[in-house]
Amino acid sequence: MLSLDFIRKNPDVVRRAGQLKGEPAPVDEILRLDADWRAHLHKAETIKAEQNELSKQFARTRDEALKERLRQMAEAGKTELSVADAVKRELDDMLLRVPNIFDESVPIGETEADNVVIREWGSKPDLGFPPRTHYDLGEALGIMDFERGARVAGSRFAFLAGEGARLERALVQFMLDVHTREHGYVELWSPLLVNTAAMTGTANLPKFADQLFKVEERDLWLIPTAEVPVTNFHREQILDADQLPLKYVSYAPSWRTEAGAAGKDTRGFIRMHQFSKVELVKVTTPETSMEEFEKLTHDAEAILQRLGLHYNVMAMCTGDMGFAQYKKYDLNAWAPGLDRYLEVSSCSVFNDFQAMRANIRYRPGRGAPPRFAHTINGSGLALPRTLDAIVETYQRSDGMITVPEVLKPYMGGVELIGAR
RNA sequence: GGGGAGGUGGCUGAGUGGUCGAAAGCACCCGCCUGCUAAGCGGGUAGGGGGUGUGAAACUCCCUCGAGGGUUCGAAUCCCUCCCUUCCCGCCA
């Protein structure tokens, strides 16, 4: 969230950000409620201060008349405070719905058509034959099963079988190994269900409840990404500056309702209710967050490069970047069979937007007052689409799939999928 | 799931109605002392919010002892609900 103080001082910045993000910010209502809240609070505190003073006097004198007066003051103070609290609750709720501002470098635009490719790696491979889609190949090889997924859980669920399941596991292992051993991330195994407070911390709530699966009759939600538990790992904490940046990597299945995506990507292993993802999360200082954000993006890119997949990096425009992000890059891997790019990673920097909600702070130096940390995250990478890109890129004319060099150590001797 | 104990500052831990935002110890910081180090001596060190107001200050008030409610002129202390930790029993991958 944005702090009240920031909104008071920069109402126009907040208004403009809301407009350009397509998420209008109720700045005027907030300022009105803020003034209202402070007026009532001030009154309540004035009463309370006098009451505290007289109460000490009563402890000495035991004067009955004074006691009666204090009783009335207590009543008046309580009333005033409850009004202030009610206004503050409304104000807080509104604050949670104000979108983050964005960085100067973010392209201004409304839709994905306004996103900007900032770099590319490799080129579209020429396979020398008409490439098939991953779902075509996957079903033919018996390594992907959409029909059974649908029968067991519904549409947008699937099974991976045999070497397909193994390939997914190999990818997870490979990614975790690279990030932990070479990029210095600490691996976390985390809860896959989290409470409302945690979801609010990462800004998935209250705005995006319709994107989440909720456990009936419990305050628990299925995570849409490991970002949620991992970012909240340090919630309500004051960190030491010399601990920063904290770097975590976590593999987790992720669940999304995909509300509003009806009809999109219904074919294939692309937009599933459940998918696997290796997630990178950093907690850092305001001074280093933009640099750490770029580095995290490169850490995610390294996986694609090692896998030999052609991809591009796209800077999301204001209208397409989302409510909470300060700046965001998407990594899109080329899928020859689908003849399009697939978003395999989304890397974002939030500044203190999440940290404020989750109350993650750090102390810049000895005796210095705490400040909100900055949070960053990105997929490193999302499994199904990465798997798709691999299957489609490494397919042979006979329908078998060559295992990428870097995954061979994880495939238990399998070098060619479908060879049997 | 049943029963017991407990949740206090960075940590340990005292405090059972006002003199408590909180003893003491540890840790840390500043200063003194000292061939050096250690020890010793003095001082300091929670968070959030409001008001006033500056370049960050300074001053002042309010709130916070797991969370929320209640009793009371007054609650860390009494009552209720919830959450969490821990121990014993039961169950169990």
Side-chain angles (χ1 to χ4, degrees), chain A residues 1-10 30-96 189-201 205 214-215 217-221 229 232-244 246 253 283 285-287 352-373:
Chain A
M1 63 194 277
L2 298 175
S3 73
L4 247 184
D5 191 52
F6 183 84
I7 298 172
R8 278 177 204 142
K9 289 174 179 158
N10 308 278
I30 286 172
L31 294 177
R32 184 175 53 75
L33 287 170
D34 177 40
D36 199 23
W37 167 60
R38 283 192 286 176
H40 285 290
L41 183 63
H42 186 64
K43 199 166 169 191
E45 288 188 351
T46 305
I47 293 169
K48 187 70 181 174
E50 193 185 348
Q51 187 192 340
N52 286 344
E53 197 48 48
L54 293 178
S55 198
K56 281 180 202 158
Q57 195 180 314
F58 174 79
R60 294 191 306 269
T61 63
R62 305 281 163 177
D63 175 32
E64 281 303 310
L66 183 55
K67 182 171 176 177
E68 181 50 33
R69 189 172 156 210
L70 279 166
R71 202 195 309 271
Q72 285 165 11
M73 289 181 73
E75 199 59 43
K78 209 175 279 187
T79 304
E80 200 60 45
L81 192 61
S82 74
V83 174
D85 283 347
V87 176
K88 187 59 162 52
R89 266 194 299 276
E90 200 181 333
L91 180 56
D92 286 343
D93 184 63
M94 211 165 265
L95 281 175
L96 288 176
W189 177 88
S190 78
L192 305 180
L193 297 168
V194 302
N195 59 30
T196 298
M199 279 294 185
T200 306
L205 289 176
K214 173 132 179 32
V215 177
E217 319 217 334
R218 296 234 181 181
D219 181 28
L220 287 174
W221 308 74
N232 280 284
F233 187 65
H234 289 294
R235 80 183 343 267
E236 323 269 313
Q237 203 186 331
I238 300 176
L239 302 156
D240 292 329
D242 55 18
Q243 294 178 264
L244 306 176
L246 289 161
V283 179
T285 63
E287 289 76 18
D352 56 10
F353 194 82
Q354 291 183 325
M356 215 174 275
R357 291 167 163 250
N359 200 13
I360 303 165
R361 293 175 293 172
Y362 75 101
R363 205 177 288 283
R366 293 194 187 290
R371 299 167 73 193
F372 286 106

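Within every chain, numbering begins at 1; the chains are lettered A, B, ... in the order of the sequence lines, protein sequences first and strands thereafter.
- Annotation: B:G4 and B:G10 have their C1' atoms spaced 31 Å apart (nearest Å).
- Salt-bridge formation is detected for the pair A:R371/A:E287: a Lys NZ or Arg NE/NH1/NH2 atom is positioned less than 4.0 Å from an Asp or Glu carboxylate oxygen.
- A:N52 comes within 4.0 angstrom of sugar-phosphate atoms only, judged by non-hydrogen atoms across all strands, and of no base.
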For residues 73-84 of chain A, which side-chain N or O atoms pair as donor and acceptor with protein atoms under 3.5 Å away, sequence neighbours left out?
{"unit_1": "A:T79", "atom_1": "OG1", "unit_2": "A:E75", "atom_2": "O", "d": "3.0"}
{"unit_1": "A:E80", "atom_1": "OE2", "unit_2": "A:H40", "atom_2": "ND1", "d": "2.5"}
{"unit_1": "A:S82", "atom_1": "OG", "unit_2": "A:T79", "atom_2": "O", "d": "2.9"}

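- Checked by atom type, the side-chain pair A:Q72/A:E68 shows a donor-acceptor distance below 3.5 Å.
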Sugar-phosphate atoms are those with a prime plus P, OP1 and OP2; base atoms are the rest. Using that split, label each nucleotide of nucleotides 66-82 of chain B B, S or - for protein heavy atoms under 4.0 Å, 5' to 3'.
-------BS--------

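- The CG-P distance, from A:D240 to B:A27, rounds to 17 Å in whole Å.
- A side-chain contact (heavy atoms from CB on, under 4.5 Å) with A:L95 holds for exactly one of A:D34, A:I7, A:L2; it is A:I7.
- Atom CH2 in A:W37 sits about 15 Å away from atom P in B:C63, given to the nearest Å.
- Distance A:L95 CG to B:G49 C1': 14 Å, rounded to the nearest Å.
- Between the side chain of A:K56 and the backbone N or O of A:R60 there is no donor-acceptor pair closer than 3.5 Å.
- Applying the Watson-Crick and G-U wobble criteria (two distances, each under 3.5 Å), B:A75 pairs with nothing in any strand.
- B:G10 atom C1' lies 13 Å from atom CZ of A:R361, rounded to whole Å.
- Between A:L91 atom CG and B:G49 atom C1' there is a gap of 13 Å when expressed in whole angstrom units.
- Nucleotides B:U64 and B:G6 are separated by 24 Å at their P atoms, to the nearest Å.
- If you take atom P in B:G40 and the same atom in B:A46, they sit 23 Å apart, rounded to whole Å.
- If you check B:C59 for Watson-Crick or wobble pairing at under 3.5 angstrom, you find it paired to B:G51.
- For the C1' atoms, the distance from B:U72 to B:C84 is 29 Å, rounded to whole Å.
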One pair to check against salt bridge (charged side-chain N to carboxylate O under 4.0 Å, His left out): A:E64 and A:R69. What are the steps and the verdict?
CA-CA 9 Å; A:E64 281 303 310; A:R69 189 172 156 210; over 6 Å; no

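- One interatomic measurement links the two molecules: CZ of A:R363 to P of B:A27, which rounds to 19 Å at whole-angstrom precision.
- A:R8 comes within contact range of the sugar-phosphate backbone alone, with a heavy-atom separation under 4.0 Å but no base atom that close.
- For A:R235, the CZ atom is densely surrounded, since the number of other residues' heavy atoms within 6.0 Å is greater than 12.
- Across all strands shown, B:C89 is found opposite B:G1 as a Watson-Crick or G-U wobble partner, with both distances under 3.5 Å.
- Following rounding to the nearest Å, A:F372 (CZ) and B:G47 (C1') show an atom-to-atom distance of 11 Å.
- Taking atom C1' in both B:A56 and B:G70, the straight-line distance is 43 Å, to the nearest Å.
- Side chains of A:H42 and A:E45: no donor on one and acceptor on the other come within 3.5 Å.
- For the P atoms, the distance from B:A93 to B:G15 is 45 Å, rounded to whole Å.
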Below 3.5 Å between N/O atoms, which protein atoms pair up with nucleotides 54-59 of chain B? Just atom names and distances, please.
none

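- Residue A:L81 contributes atom CG, which lies 18 Å from atom P of B:C61 at whole-angstrom precision.
- In this structure, A:D5 pairs ionically with A:K9, as a charged nitrogen and a carboxylate oxygen lie closer than 4.0 Å.
- For A:E45, whose side chain is taken as the heavy atoms from C-beta onward, the closest listed nucleotide among B:C62, B:A46, B:G48 is B:C62.
- B:A46 is paired with B:U64 under the Watson-Crick or G-U wobble criterion, all donor-acceptor distances under 3.5 Å.
- You'll find that the side chain of A:L41 is closest to B:G49, out of B:G47, B:G49, B:C63.
- Atom NZ of A:K43 is surrounded by 12 or fewer heavy atoms from other residues, nucleotides or ligands within 6.0 Å.
- Here the side chain of A:A49 is nearest to one of B:G47, B:G50, B:C62, namely B:C62.
- Straight-line distance between the C1' atoms of B:G66 and B:U8: roughly 10 Å, to the nearest whole Å.
- Comparing B:G42 with B:G18, their P atoms are spaced 30 Å from each other, to the whole Å.
- In terms of position on RNA chain B, the residue among A:E50 and A:R38 whose nearest nucleotide sits closer to the 5' end is A:R38.
- In summary, the side chains of A:N359 and A:R357 do not present any donor paired with an acceptor at a separation below 3.5 Å, with no hydrogens or angles considered.
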